[in-house]
Visitor: 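The structure follows.
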2 protein chains.
Amino acid sequence: MEPGTRQIMEADRVRAPNIRDVARLAGVSYQTVSRVLNNSESIRPSTKQRVIEVIDEIGYRPNQAARALVTSKSRTLGVLTAQTAHYGPATSLRAIEIAAREAGYLISTTSLISSDYDSIVENLEYLMNQAVEGMIVISPQVRVFEAIKQLAIRIPLVTLDSTGRDAPRSLSVDQIAGAKMATRHLIELGHREIVHLAGPQDWIEAEARMRGFLDEIDEADLRTHPPILGDWTAEFGYHAGRELVGYRDFTAVFAANDQMALGLLHAFREAGLDLPRDISVVGFDDIPEARHYWPPLTTVRQDFAEIGRRSIAILLDEIHGDARVDLAQILPELMLRDSTAPFASH
Amino acid sequence: MEPGTRQIMEADRVRAPNIRDVARLAGVSYQTVSRVLNNSESIRPSTKQRVIEVIDEIGYRPNQAARALVTSKSRTLGVLTAQTAHYGPATSLRAIEIAAREAGYLISTTSLISSDYDSIVENLEYLMNQAVEGMIVISPQVRVFEAIKQLAIRIPLVTLDSTGRDAPRSLSVDQIAGAKMATRHLIELGHREIVHLAGPQDWIEAEARMRGFLDEIDEADLRTHPPILGDWTAEFGYHAGRELVGYRDFTAVFAANDQMALGLLHAFREAGLDLPRDISVVGFDDIPEARHYWPPLTTVRQDFAEIGRRSIAILLDEIHGDARVDLAQILPELMLRDSTAPFASH
DNA sequence: CTTAGTAATGTGAACGTACACATCGCCAAT
DNA sequence: ATTGGCGATGTGTACGTTCACATTACTAAG
C-alpha cells in the first residue's frame with residue numbers, strides 16, 4: 001500500500017491515539033509511556049508529568065485488548081449465577097462487581113437460564129472463552145460441580161456454598177448453623193410439630209438448610225413430616241400454605257427463604273388464622289422487606305454483600321498465588337420479630 | 001534469543017494452542033482456520049470438517065484479545081446501573097445479559113455506589129476503558145445525562161427512561177401512563193384525598209411517576225399535598241406511614257414502588273387501621289411478592305425483562321447502523337388486588 | 001486443448017502493548 | 001583521569017488474530 005493511500009484512510013476513520021502518539025507528543029519513547037502507565041519506578045518525575053499531561057490532553061486510553069494479548073492476562077473474572085433477580089444473589093453480585101473493579105478486574109457474568117447439565121456446560125464454556133482468570137459460582141447447584149469436573153477447568157474457583165466440597169475453595173454463611181438456629185428457636189418456644197418448607201434440592205443452600213433443620217429436630221428427639229420441596233417463590237409458599245391449613249397437624253413452619261415465608265403468611269391469614277398465635281413462621285435471608293411483612297418476619301440474616309466481597313478476596317489471592325485468606329465461615333444471625341410466638345394449646 | 005532457550009520456555013509453561021497449531025495439525029494454512037472460525041464461505045466442506053475436528057481435539061479457543069486488537073471491536077456492551085439489588089433493575093439486567101450473550105456480545109456492568117457526579121464520571125470512564133461498543137443505562141438519574149454530555153461519549157447509547165431526552169435513544173414502560181392509571185383507579189373508587197409517596201427526584205422514573213400522578217389529580221380537579229419524597233425502600237415507606245397516620249386527612253396513597261407500599265401497609269396496620277377499608281394503597285412495579293402482601297397489593301405491572309431485551313435489540317441495531325427498531329413505549333398494566341377499596345365515609 | 005473464470009487456499013502485514021535487553025548519561029569511588 | 005554502577009530511557013520483538021492481496025486448483029466454455 002502506498003503512503004498516500006494510507007494517509008487517506010487514517011483521515012477517514014480517526015484512529016484512537018495509541019502509546020506511540022503519546023510518546024511522540026511528549027518527546028519520549030513509547031516504552032517510557034508504557035512505564036508511566038504501569039507505574040514503573042525509575043522514571044524521572046518531570047518526564048512522568050509530561051507524559052501524563054499528553055495523555056489527558058489527547059484523551060488517550062490504553063488498549064485493553066493489546067494488553068491482554070501481550071500479557072496473556074484478561075483481568076477478567078467470571079461469575080456463574082442463577083436467579084440473579086433474587087435479593088441475595090443480586091446483592092452478592094453487586095458487591096463482587098464493586099470489589100473486583102477496585103482491584104482492577106472486570107466481571108463477566110453469566111446467568112443460568114435453565115439448570116440442566118447442557119446449559120451449565122454452555123455457560124461455563126462461555127466464561128472460558130472469555131479467558132477468565134478465575135471464577136465465582138453463586139448459588140451453586142449440584143450439577144455445576146459435575147460440569148466443572150467434566151470440563152477439567154483449571155482456573156481458580158470459589159463457590160458460595162457451605163459444604164466444603166472437594167474441588168474448589170468454598171465460602172459462605174454457615175447455612176446449617178442458620179437453619180439450626182431457626183429450628184431451635186421454634187423448639188424453645190414450645191413447638192413440637194414443625195414443618196419445613198425447603199428449597200429445590202439441587203441447590204446446595206437448600207440442602208444445607210434442610211440438613212440443619214433435620215439435625216436440630218433430631219437432637220430434640222422430635223418427629224417431623226418430610227419437608228415440602230419448594231422453588232423459592234412466594235407463589236409456591238402460598239400454595240403450600242393453602243395445602244397445609246387443611247391438615248393443621250403442626251404449629252410452626254420453617255421456610256427456607258423469606259419469599260416462601262411470605263406466601264405462607266398470606267395463605268394462613270387468608271384462611272382466617274391468627275398469626276402468630278395459631279402458627280409461627282420463620283424465614284431465611286432477612287431481605288429488607290422481611291421486617292415489614294405482617295407480622296414482621298422472624299428470620300435468619302446473612303450478609304450477602306460480605307460474602308461477595310470475601311469471595312473476591314479469596315479468588316484474587318488464589319490467582320496471585322498466595323492462598324492465605326482463611327475460609328472461616330460467616331455466622332448468620334437470628335432476627336427475632338413477631339411472626340413467632342410461644343406455643344400455647346388452645 | 002536462541003532457539004534452544006525458546007523451546008525450554010515453551011515446555012515450561014504450556015502455551016494455549018493458537019490458530020497456527022490448529023493449522024499445522026490440520027495440514028492447512030492459518031488463514032483457512034481463520035475462515036472456518038468466522039464461518040466464511042468458499043471453503044471446502046471436507047477441509048472445514050478436518051479443521052473443526054482438530055479444534056475439538058486439542059481444545060483450541062480463539063483468543064478474544066487478539067481478535068479485539070485486530071478488528072478493533074471489543075464485542076462488549078456496557079451497562080450502567082444503580083440499585084441492581086432491586087427486583088426491577090436486576091430483572092432487566094438479567095434479560096440484557098442473556099440477550100447480549102445470544103447476540104455474541106459480552107456485558108460489562110458497573111453499579112453506581114453513590115450518585116454524585118464524580119462517581120458517575122468514574123463509572124462511565126471505567127466502561128469507556130473497556131472499549132464498550134454501546135451502552136445501556138438502567139434506572140437513569142438526571143446527572144448521568146450531564147456526565148455523558150460532558151465526557152462527549154460518542155458510542156451508541158440506550159437509556160431506560162420514559163422521557164425522550166435529547167441525546168440518546170430511550171425506551172421504557174410508559175411511567176407516566178402507569179402513574180395515571182393508578183391514580184385514576186383511586187379516583188374512580190371515590191377517593192378525593194390522595195397522597196403520593198414518590199421516589200427520589202433525581203431518578204427519572206420517580207419524576208415521571210410523580211408527573212403522571214399530578215397530571216391525573218389535576219385533570220380530576222382535585223387537590224393534593226406535595227408528594228413525600230422517599231428512597232424506594234420499605235423502611236422509608238414505613239416511617240412515612242407512621243407519620244401519615246397522625247394526620248388522617250387522606251383516604252388513599254399511591255406509592256411510587258411496591259416496597260414503599262409495603263412499608264405503608266405495615267405502618268397503617270400497626271396503627272390499628274383496617275385495610276383497605278380505612279385507607280387504600282396502590283404500588284408500582286408488581287414485583288412477584290406484591291400479590292402476597294397483606295392485603296395483596298393493587299399495583300402497576302411493568303415487564304422488566306421485556307425492557308431489557310428490547311434495549312439490547314435497539315442498541316445492537318444502532319451499532320450495526322440500521323436503526324429500524326421502533327421505540328414504541330411498552331404500556332404498563334394495572335393489577336387490581338385487595339389493597340384498594342371504594343371510599344366510604346364512616 | 002486452450003483459456004477464462006471462479007472457487008479454494010496461502011502469504012505478508014498490521015493491530016497496540018509489555019517484556020527483555022541495550023544504551024546513554026551521570027556521579028562517586030579509586 | 002578512569003572505572004564501575006545505577007538511574008533513566010530507547011530498540012527489537014512477540015503476542016494471536018484478521019484483512020488485503022496473491023496464488024493455486026479446478027471447472028466449464030470456446
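Scope of the values below: all heavy atoms of this structure, side chains included, with no hydrogens, waters or symmetry mates. Throughout, protein chains are lettered first and strands after them, A, B, ... in sequence-line order, and every chain is numbered starting at 1.
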Visitor: With the threshold set at under 4.0 Å for non-hydrogen atoms, list the residues of residues 29-39 of chain B touching DNA chain C in residue-number order.
Guide: B/S29, B/Y30, B/Q31, B/T32, B/R35

Visitor: With a 4.0 Å heavy-atom cut-off, tell me which residues in residues 40-57 of chain A come close to DNA chain C, sorted by residue number.
Guide: none

Visitor: What is the separation between atom CZ on A/R24 and atom P on D/dG10, rounded to the nearest whole Å?
Guide: 14 Å

Visitor: Who passes side chain to side chain contact (heavy atoms under 4.5 Å, CB included) against A/A147, sequence neighbours left out?
Guide: A/Y117, A/I120, A/V121, A/L124

Visitor: For the helix from C/dC1-D/dG30 to C/dT30-D/dA1, measure the angle between the helix axis at one end and the axis at the other, each built from five pairs, rounding to 10°.
Guide: 50°

Visitor: CD1 of A/I19 versus C1' of D/dA14: gap in Å, rounded?
Guide: 15 Å

Visitor: Please name all residues satisfying salt bridge (Lys or Arg N to Asp or Glu O under 4.0 Å) with A/R35, sequence neighbours left out, ordered by chain then number.
Guide: none

Visitor: Which residue, A/L80, A/I312, A/I107, forms the side-chain contact (heavy atoms from CB on, under 4.5 Å) with A/I136?
Guide: A/I312

Visitor: Determine whether the side chains of A/N38 and A/S40 contain a donor N or O and an acceptor N or O closer than 3.5 Å.
Guide: no

Visitor: What residues form a salt bridge (Lys or Arg N to Asp or Glu O under 4.0 Å) with A/R309, not counting sequence neighbours?
Guide: A/E306

Visitor: Whole Å only: how far is the CG atom of A/N18 from the P atom of C/dC15?
Guide: 8 Å

Visitor: Tell me, which pairs form a salt bridge (charged side-chain N to carboxylate O under 4.0 Å, His left out) where one or both residues lie in residues 118-129 of chain B, sequence neighbours left out?
Guide: A/R61-B/E125

Visitor: Whole angstroms only, please: what is the CG-P distance between B/L69 and D/dG16?
Guide: 12 Å

Visitor: Listed by chain and number, what are the side chain to side chain contact (heavy atoms under 4.5 Å, CB included) partners of A/N18, not counting sequence neighbours?
Guide: A/R15, A/R20, A/D21

Visitor: Hey, can you pull the donor-acceptor pairs under 3.5 Å for the side chains in residues 45-55 of chain B, sequence neighbours left out?
Guide:
| from | atom 1 | to | atom 2 | distance (Å) |
| --- | --- | --- | --- | --- |
| B/Q49 | NE2 | B/E53 | OE2 | 3.0 |
| B/R50 | NH1 | B/A26 | O | 2.6 |

Visitor: What pairs of residues pass the salt bridge (charged side-chain N to carboxylate O under 4.0 Å, His left out) test when at least one of them lies in residues 126-147 of chain B, not counting sequence neighbours?
Guide: B/R143-B/D202

Visitor: Taking side chain to side chain contact (heavy atoms under 4.5 Å, CB included) as the definition, give me every residue that meets it alongside A/I98, ordered by chain and number, with sequence neighbours left out.
Guide: A/R94, A/E102, B/I113

Visitor: Atom CZ of A/R75 and atom P of C/dA18: how far apart are they, to the nearest Å?
Guide: 11 Å

Visitor: State whether A/N63 places a side-chain N or O below 4.0 Å from either non-bridging phosphate oxygen (OP1 or OP2) of C/dG16.
Guide: no

Visitor: The criterion is side chain to side chain contact (heavy atoms under 4.5 Å, CB included); which residues satisfy it with B/T76, sequence neighbours excluded?
Guide: B/S74, B/L106, B/S108, B/V132

Visitor: Write down the distance between CD (B/Q64) and C1' (D/dC15), rounded to a whole number of angstrom.
Guide: 15 Å

Visitor: To the side chain of A/V70, which of D/dG10, D/dT17, C/dT17 is closest?
Guide: C/dT17

Visitor: Name the closest nucleotide to the A/T71 side chain, picking from D/dT17, C/dA18, C/dG16.
Guide: C/dA18

Visitor: Considering only C/dA18, C/dG16, D/dT17, which nucleotide approaches the side chain of A/R67 most closely?
Guide: C/dA18

